[in-house]
K.L.:
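Below is the structure I would like to discuss, written out as structure tokens.
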Amino acid sequence: MLSVDSAIDLIIARAQPVDAHERVSLFEADGRVLAEDFIAGFPLPPFANSAVDGYAVRFGDLVVDQPTSLPVFGRVEAGAAAQALAAGSAARVFTGAPMPPGADTVFMQEDVTLAGDRVVLPAGLKRGANMRPAGEDVQEGEIALRKGARLRPQDVALAAALGAHQLVVAQRLRVGVFSTGNELAAPGGERNGAQIYDSNRFMLLAMLARLGCAPHDLGVLRDDPDHLAEALKAAAGEHDLLLTSGGVSTGEADYVKSALERIGSLTFWRMAIKPGRPVAMGVIDGTPVVGLPGNPVASFVTFVYVVRPLALALMGAEVARFKPLPVRAAFTYKKKAGRREFVRASLTPGADGVLEAQKFPREGAGLLSSLTQSDGFVELREDITRVEPGQSVGFLSYASLD
Ligand code: AMP
Ligand code: MG
């Protein structure tokens, strides 16, 4: 059985990035993967400017340790050009206005007193105070955004500040999603007494959309080995990645693994992860296929640890490891060494303000409410065998898993 880390390493090593790029407007760039380094063509800010509303001076004109009185000449508003500052004078400036050439320090208007056409400046300010030098944010020629970055709103803002209105991003990954199982009925339709409504497909499609993929709903496959193999083969040609859920354990009606072996190749089958152990990964006609477990919580966890890194690697995105945040366990838990376990938990601040993880009271891998009523997972690594109340554990919020 493969450990979670070795599975991820294997996935990243095997994934051949889909090299198709497109240019999108900044309005559509959020969540996309940057396909090339974005280099600053000029510094940010582009020119030295005032950080406050106030009075710009030459620091050298100030009297040491005493207030200084200077005549006020000139006024520079944001967006206006600045005249050079005459020696021995102050200029009225506003936030974002260019610094008058020669000026190097700005007094906030709240800190000065006006006397006729002169301004009295208190002692004690440092050279360069309240002034934003050109390039203090980003320097010309610097890599502002790296190839492989998954663009966030702040990244889009930086590109805009650097004058770009479009960015070159990886094309959305075409991901097809099947459910498998004779027991599955379509939500909105009839359900006979032995059926359940398919939920995994909707969860997986939504998770893929959050990753910036183009998810395609491929419906439900019956538990029939030939039907399954044919459908997978046909879909492989049309997609960059295929997902199935259900039909990967050792039961007699579990045909996904055998279909992979028959019409493609199996990369791995079992991972040391709970919930989620039976998860199959393989390749059909060059298209990676992941067979996720049928139980919804297992499907969720293995999506996060197998599909997510695979999809990101296929998009050419940097696959950063999760950084679980330390919280205090408010539960007791026993586990087997050698596998990674995920405990659904909610966070509440303890009496001292430190966040405490409360374990969801029930454990079944089929309990969807355990996911809807908790905040995230406590991640218990392979070497851990028990958790005691008060112990520090690593927590991953669902919001951090997109
Ligand atoms: P399997 O691995 O196919 O035996 O499925 C394990 C469990 O997950 C069974 O109880 C299935 O009914 C359930 N399951 C499989 N696929 C889905 C699905 N798409 N939505 C909800 N439950 C499912
Ligand atoms: Mg099944």
Side-chain angles (χ1 to χ4, degrees), residues 1-2 7 175-210 213 215-232 235 239 241-263 266-282 289-308 311 339 341-342 344 360 362-374 398:
M1 239 189 278
L2 214 53
V175 189
V177 181
F178 289 107
S179 288
T180 72
N182 294 342
E183 76 279 30
L184 300 179
E190 295 288 312
R191 181 187 65 84
N192 74 35
Q195 288 187 305
I196 58 168
Y197 284 121
D198 179 2
S199 56
N200 288 348
R201 205 156 33 101
F202 302 90
M203 177 176 76
L204 298 172
L205 290 165
M207 292 174 98
L208 287 164
R210 285 192 173 208
C213 299
H216 293 168
D217 176 23
L218 298 176
V220 180
L221 297 173
R222 280 173 286 119
D223 288 321
D224 171 300
D226 295 332
H227 173 56
L228 202 110
E230 276 161 31
L232 285 175
H239 295 89
L241 171 62
L242 287 180
L243 306 184
T244 64
S245 72
V248 279
S249 48
T250 44
E252 282 182 10
D254 293 332
Y255 301 121
V256 173
K257 174 178 161 259
S258 49
L260 271 175
E261 286 167 325
R262 184 140 66 92
I263 54 166
L266 192 67
T267 310
F268 63 79
W269 173 44
R270 291 168 98 202
M271 231 170 117
I273 187 169
K274 188 189 169 191
R277 185 167 38 108
V279 47
M281 191 193 147
V289 182
V290 183
L292 297 168
N295 277 310
V297 182
S299 222
F300 187 99
V301 171
T302 47
F303 180 96
V304 170
Y305 282 86
V306 177
V307 178
R308 183 183 181 279
R339 71 179 178 204
E341 292 199 17
F342 295 88
R344 287 144 270 169
F360 188 78
R362 286 162 290 128
E363 275 172 30
L367 303 174
L368 270 173
S369 61
S370 68
L371 291 176
T372 62
Q373 294 175 24
S374 55
Y398 296 137

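These numbers were taken from a predicted model, which means no experiment stands behind them. Start at 1 and go down the list; that is how both ligands and their atoms are numbered.
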K.L.:
Taking all non-hydrogen atoms of both residues into account, name the closest pair between A231 and L221 and its distance.
P.N.:
CB-CD2, 3.5 Å
K.L.:
Taking only heavy atoms of S179, which atoms of ligand 1 are found under 4.0 Å from at least one of them?
P.N.:
19 (N)
K.L.:
Considering T244, V297, I196, V177, which one's heavy-atom position lies nearest to atom 22 (N) of ligand 1?
P.N.:
I196
K.L.:
Checking F360 against S369 for the side-chain contact (heavy atoms from CB on, under 4.5 Å) test, could you report, in this order, the C-alpha distance in whole Å, the side-chain angles of both residues, the deciding distance, and whether it holds?
P.N.:
CA-CA 10 Å; F360 188 78; S369 61; 4.2 Å; yes
K.L.:
Show which atoms of ligand 1 fall inside a sub-4.0 Å distance from at least one heavy-atom site of D198.
P.N.:
18 (C), 19 (N), 20 (N)
K.L.:
Kindly identify the option in A365, S245, G294 whose heavy atom sits closest to atom 5 (O) of ligand 1.
P.N.:
G294
K.L.:
Can you check whether Y197 has an N/O within less than 3.5 Å of an N/O in ligand 1?
P.N.:
no
K.L.:
Could you list the atoms of ligand 1 found under 4.0 angstrom from a heavy atom of E183?
P.N.:
11 (C), 12 (O), 15 (C)
K.L.:
Is there a nitrogen or oxygen of G247 sitting under 3.5 Å from a nitrogen or oxygen of ligand 1?
P.N.:
yes
K.L.:
Could you give the side-chain donor-acceptor pairs of residues 269-281 under 3.5 Å, partners two or more places apart or in another chain?
P.N.:
residue, atom, partner, partner atom, Å
W269, NE1, V248, O, 3.1

K.L.:
S179 and D198: which non-hydrogen atoms are nearest, and at how many Å?
P.N.:
OG-OD2, 2.8 Å
K.L.:
Pick one of side chain, backbone, both or neither for how S199 approaches ligand 1, counting any non-hydrogen atom pair under 4.0 Å.
P.N.:
both
K.L.:
Determine yes or no for a side-chain-to-main-chain donor-acceptor pair under 3.5 angstrom, with S299 supplying the side chain and P293 the backbone.
P.N.:
yes
K.L.:
State, with a plain yes or no, whether a side-chain heavy atom of M203 is found less than 4.5 Å away from one of S245.
P.N.:
no
